[in-house]
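Report on the following structure.
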Amino acid sequence: MCLSLSIHGAEKRLQIHQRRSVASHPESRRLPVVRHSSLPPGRRSIKMEASSSGITNGKTKVFHPEGGVDLQGYQLDMQILPDGPKSDVDFSEILNAIQEMAKDVNILFDELEAVNSPCKDDDSLLHPGNLTSTSDDASRLEAGGETMPERNKSNGLYFRDGKCRIDYILVYRKSNPQTEKREVFERNIRAEGLHMEKESSIINSDIIFVKLHAPWEVLGRYAEQMNVRMPFRRKIYYLPRRYKFMSRIDKQISSFRRWLPKKPMRLDKETLPDLEENDCYTAPFSQQRIHHFIIHNKDTFFNNATRSRIVHHILQRIKYEEGKNKIGLNRLLTNGSYEAAFPLHEGGYRSKNSIRTHGAENHRHLLYECWASWGVWYKYQPLDLVRRYFGEKIGLYFAWLGWYTGMLFPAAFIGLFVFLYGVITLDHCQVSKEVCQATDIIMCPVCDKYCPFMRLSDSCVYAKVTHLFDNGATVFFAVFMAVWATVFLEFWKRRRAVIAYDWDLIDWEEEEEEIRPQFEAKYSKKERMNPISGKPEPYQAFADKCSRLVVSASGIFFMICVVIAAVFGIVIYRVVTVSTFAAFKWALIRNNSQVATTGTAVCINFCIIMLLNVLYEKVALLLTNLEQPRTESEWENSFTLKMFLFQFVNLNSSTFYIAFFLGRFTGHPGAYLRLINRWRLEECHPSGCLIDLCMQMGIIMVLKQTWNNFMELGYPLIQNWWTRRKVRQEHGPERKISFPQWEKDYNLQPMNAYGLFDEYLEMILQFGFTTIFVAAFPLAPLLALLNNIIEIRLDAYKFVTQWRRPLASRAKDIGIWYGILEGIGILSVITNAFVIAITSDFIPRLVYAYKYGPCAGQGEAGQKCMVGYVNASLSVFRISDFENRSEPESDGSEFSGTPLKYCRYRDYRDPPHSLVPYGYTLQFWHVLAARLAFIIVFEHLVFCIKHLISYLIPDLPKDLRDRMRREKYLIQEMMYEAELERLQKERKERKKNGKAHHNEWP
């Protein structure tokens, strides 16, 4: 029999199981749970796991999990070897021995629950799923004669000795001429106390991997300098007093919930014990007060992400040449001294064994199974695990993306309701009925010469489709989406505050940023004193800065003109093509020339958008570097603003044209306005311009989201597959090569040079599509929701499996993107007001119902009041008044057997026999006044609602504010008690030693 004890601070229960060697007993079995009366009850258990060790002559051996002894970390692995095959273990003696040892390392068992508890950043939480599997793994190691260091050697995460964990990887080529700089840099790395080991690549001996490890002393010293917050006490929550009546109600509700299915979207923490997180109070790490912190194991006290961040911090401050500016890893990466630098993934993301039975192999495997796998697409994201593995900045991105996706559910539901309302009321729509029954109304041609006359009833299908999007619920939906955008942003601020509290970001402030090397090289001759650090630094003159900003702004204006020129080209294409399609041989295209023109124009516009995006990225990069920003954050904000402006204008310019300009300035038959006095401007379809706007938004949105998803996942997959294929070709397809982890990660794709920029930009542009023209396309939120459900898992899969592990970095919020979101929310109110007033027929119908229809003066506006609306919205034109170049080839005799004398067109104009032929009617001015009034009332009403909501919703939830106040109070009490205890202990020791001392507090 063998027994192993692992004592963790917050674990209050002892689990014991018995195991023999694999040779005699291949299966393991559990012994009953034993509770000790001196330990307080708690949630988590102390695991006592078997391993071949024991107690000899009454003495207990204590080993570190990797071969060392760790008393200060409170991690005790007691290994007991009995003399015979079986022996009885006196658990009271074991516990007494543990308590005696605990006194030497300041473990107070009477305060175990309050002081020592595992926290969310402790990597020791990553145990397999059950004790049996752990025992089996240990048995396999024993049977194969493999010790822990030997296993560490094989997994590629440690140095060759199997004891020092790799915290960072540098990669260079031996053929690179920057040898002297690297040697100086690496010599200074050793001088900082970092351990280093080099190893050449398996597939290319020219590639050298430099493995770095930070020992405990270095981690502690720099963690204190960086103010890394570490856990020192478990959080205590006080539940409000419950009354008997409320308790009975809760019992009834609980009994009812038993019949309901459990929350399917929540992760199963019982099946995946690694997801169980405990909240801990944290404080900036201090080596002088190290006894205050919860240290179970020094090797796992700082998690891997924090260790890599500390090592990267050190590398950024190491010199590689003499000179004040010859410092930092980034400069060596820029000049090519090193080819790559990255932290390691924590092993593979797949396992032969099920995570439910054997547990997770590592954090990467855990993230893959409960986050990046397609099987959990409907579950919440494990944001704490994402933050623990990738850092707060990436964690905040996924938190925002998840919040945005969740908020899309009500918007998508209401948008779908508006669409279904249009479907249900389609048969009762008086306007659609009149259009479909108007077989005797002949419409004028929509283009010169080749376009024929057409019956109004031929556009029956388009009239019905228009009603699906433009119905009585459209205005309500536009107001709802404007309010939704405000609620989304306000509640995100509250959500961000909660996340910042949980992740200890409330009091975190960014460090003083380093100056960009390019800025230093450009302005190194002129210096001035930094008011914060008091050190001299390069200085950019105000005149130089202004001149560069003017040139940059001119470049932005020029690129916007390029976008307008591209839209102008699309307009010419539409004008020319509509006549071509009208004379097409195929009847399907000839009869639907306008729809064919719109569809092909949208596809061509999409191709132009994608091509210009590539150009814009290079131009934005050039202009940003021309401005010479001082720090990296200034560079990032400037580049982000330019790229968003370019891509937003590029993506939405044609949509703005269709929404607000198409068919508005065409003139009328006989006096058409022409482009360059040659091409007649395009008219709207007889059923309205909204159908064109719907097609534009639907096609662009679907194509762009599909393309983005392919580029995000398909491109890295193809690149990684090509790399593996080249390796197989070089070493033969039959030879199986076992790559170490650093080589596997090196063959993955690096994260984008701009970090999370592309991910944020894609979602922000989608947010614009979802809100700006949502009145014309109520299904946009639904499409965005479906895309985002896929997007979350695509991004997760990409981060976990296809990209190198990015450096964990901290951030308090989403940065400049929040301001851009607020700007889009304001713009959406204006655009939706104009879409409803100008693009849709909502206002003309309202004016007709109350002023000119059968119900005029009665205060009603039902479907019965819309009788005759279609005829009232069409004007009469005398065919003999056509211009020579506009006169159609057909005379319209195919409709009535005789040449047509009159045709109809969409406008409010007088008939040709009036005193002022084709002049505007009184109804036109009533409609125009109503449109302007609606825009003003709608905007002011919605903006008032938005500001009222912003005022009523506080940025911090009340319970969070109370928790923060109580935490501040408790931390002060804890620090006071800890300091008082330390002083009393020192005072007792001095008294015991008989040393004289002066009187001091307390």
Side-chain angles (χ1 to χ4, degrees), residues 546-577 597-629 635-662 664-665 674-679 681-682 692-693 695-697 699-701 703-705 707-708 711 752-754 757-758 760-762 764-769 772-773 816 820 823-824 827 830-831:
C546 288
S547 61
R548 290 178 179 274
L549 288 176
V550 169
V551 174
S552 178
S554 302
I556 295 173
F557 179 75
F558 174 76
M559 294 310 299
I560 292 177
C561 291
V562 172
V563 176
I564 296 174
V567 175
F568 185 76
I570 295 295
V571 171
I572 294 178
Y573 168 82
R574 294 171 68 105
V575 169
V576 174
T577 309
T597 300
T598 301
T600 55
V602 171
C603 294
I604 294 173
N605 185 34
F606 174 75
C607 295
I608 294 175
I609 287 172
M610 302 311 296
L611 290 175
L612 287 178
N613 282 346
V614 178
L615 175 64
Y616 290 153
E617 182 176 345
K618 298 184 181 301
V619 172
L621 191 62
L622 176 66
L623 294 178
T624 306
N625 289 332
L626 180 66
E627 292 177 7
Q628 289 292 351
W635 187 96
E636 183 178 341
N637 289 339
S638 178
F639 179 77
T640 297
L641 194 59
K642 290 181 182 63
M643 279 296 293
F644 168 76
L645 188 61
F646 286 156
Q647 294 213 18
F648 180 82
V649 173
N650 187 29
L651 188 66
N652 293 284
S653 55
S654 57
T655 310
F656 270 89
Y657 164 75
I658 293 175
F660 305 128
F661 298 98
L662 179 62
R664 305 282 174 241
F665 309 100
R674 296 183 179 273
L675 201 61
I676 322 180
N677 199 27
R678 180 177 180 182
W679 292 297
L681 292 176
E682 187 181 6
D692 295 317
L693 186 57
M695 288 183 62
Q696 173 80 12
M697 291 191 61
I699 294 175
I700 291 292
M701 195 169 186
L703 288 179
K704 184 163 178 59
Q705 290 181 349
W707 175 259
N708 287 339
M711 290 301 295
N752 293 335
Y754 311 126
F757 170 79
D758 289 336
Y760 273 118
L761 180 63
E762 178 188 355
I764 298 300
L765 291 175
Q766 184 206 82
F767 179 79
F769 250 93
I772 291 178
F773 293 104
I816 193 175
I820 293 175
I824 292 176
L827 181 63
I830 301 172
T831 54

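Since we're looking at a predicted model, the values are computed, not measured. Values below: all heavy atoms of this structure, side chains included; hydrogens, waters and symmetry mates excluded.
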Quiz item: If you look at every heavy atom in Ser552 and Lys642, which pair is closest and at what distance?
Solution: OG-CE, 3.1 Å
Self-check item: Euclidean distance, Leu761 CG relative to Phe648 CZ, rounded to 0.5 Å
Solution: 11.5 Å
Quiz item: Which residues satisfy the side chain to side chain contact (heavy atoms under 4.5 Å, CB included) test with Phe568, sequence neighbours excluded?
Solution: Ile572, Leu675
Quiz prompt | For Arg548, all residues meeting salt bridge (Lys or Arg N to Asp or Glu O under 4.0 Å), sequence neighbours excluded | solution = Asp544
Exercise. Name all residues meeting the ring-ring contact (aromatic ring centres under 6.0 Å, His included) criterion together with Phe656; count only those two or more places apart in sequence or in a different chain, and write none if there are none.
Key: Phe660, Phe773
Quiz prompt | Among Leu645, Val619, Val649, the one residue meeting side-chain contact (heavy atoms from CB on, under 4.5 Å) with Ile556 | solution = Leu645
Self-check item: Pairing residues for Asn625 by the side-chain hydrogen bond (donor to acceptor under 3.5 Å, both in side chains) criterion, not counting sequence neighbours
Solution: Trp635
Self-check item: With sequence neighbours excluded, residues passing side chain to side chain contact (heavy atoms under 4.5 Å, CB included) with Leu549
Solution: Lys545, Glu627
Quiz item: Of all residues at least two apart in sequence or in a different chain, which pass the side chain to side chain contact (heavy atoms under 4.5 Å, CB included) check with Ser554?
Solution: Val550
Quiz item: Does some side-chain heavy atom of Val562 sit less than 4.5 Å from a side-chain heavy atom of Phe558?
Solution: yes
Exercise. Hey, could you give me the CD1/CG distance between Ile658 and Leu693, rounded to the nearest 0.5 Å?
Key: 6.5 Å
Quiz prompt | Residues that Tyr657 engages under ring-ring contact (aromatic ring centres under 6.0 Å, His included), provided they are two or more places apart | solution = none
Quiz prompt | Qualifying residues under side-chain hydrogen bond (donor to acceptor under 3.5 Å, both in side chains), relative to Asn605, sequence neighbours excluded | solution = Ser654
Practice problem: Could you name each residue pair satisfying side chain to side chain donor-acceptor pair (under 3.5 Å) that touches residues 562-573, not counting sequence neighbours? | Solution: Tyr573-Thr600
Quiz prompt | Interatomic distance, Phe769 atom CZ to Leu651 atom CG [nearest 0.5 angstrom] | solution = 4.0 Å
Quiz item: Does anything in residues 597-616 pair up under salt bridge (Lys or Arg N to Asp or Glu O under 4.0 Å), and if so which pairs, sequence neighbours excluded?
Solution: none
Quiz prompt | Approximate separation, where rounding is to 0.5 Å, of Leu765 CG and Phe644 CZ | solution = 6.5 Å
Quiz item: So, for Leu612 and Ala566, which heavy atoms are closest and what is the spacing to 0.1 Å?
Solution: CD1-CB, 4.2 Å
Quiz item: Should Ser653 and Ile564 count as side-chain neighbours, where that means a heavy-atom distance under 4.5 Å?
Solution: no
Self-check item: Contacts of type ring-ring contact (aromatic ring centres under 6.0 Å, His included), residue Phe757, not counting sequence neighbours
Solution: Phe639, Trp817
Quiz prompt | Straight-line distance of Ile608 CD1 to Ile570 CD1, nearest 0.5 Å | solution = 4.0 Å
Quiz item: Which residue pairs pass the side chain to side chain donor-acceptor pair (under 3.5 Å) test with at least one member in residues 611-622, sequence neighbours excluded?
Solution: Asn613-Asn650
Self-check item: Nearest-0.5 Å distance, OG1 of residue Thr655 to CD1 of residue Ile772
Solution: 9.0 Å
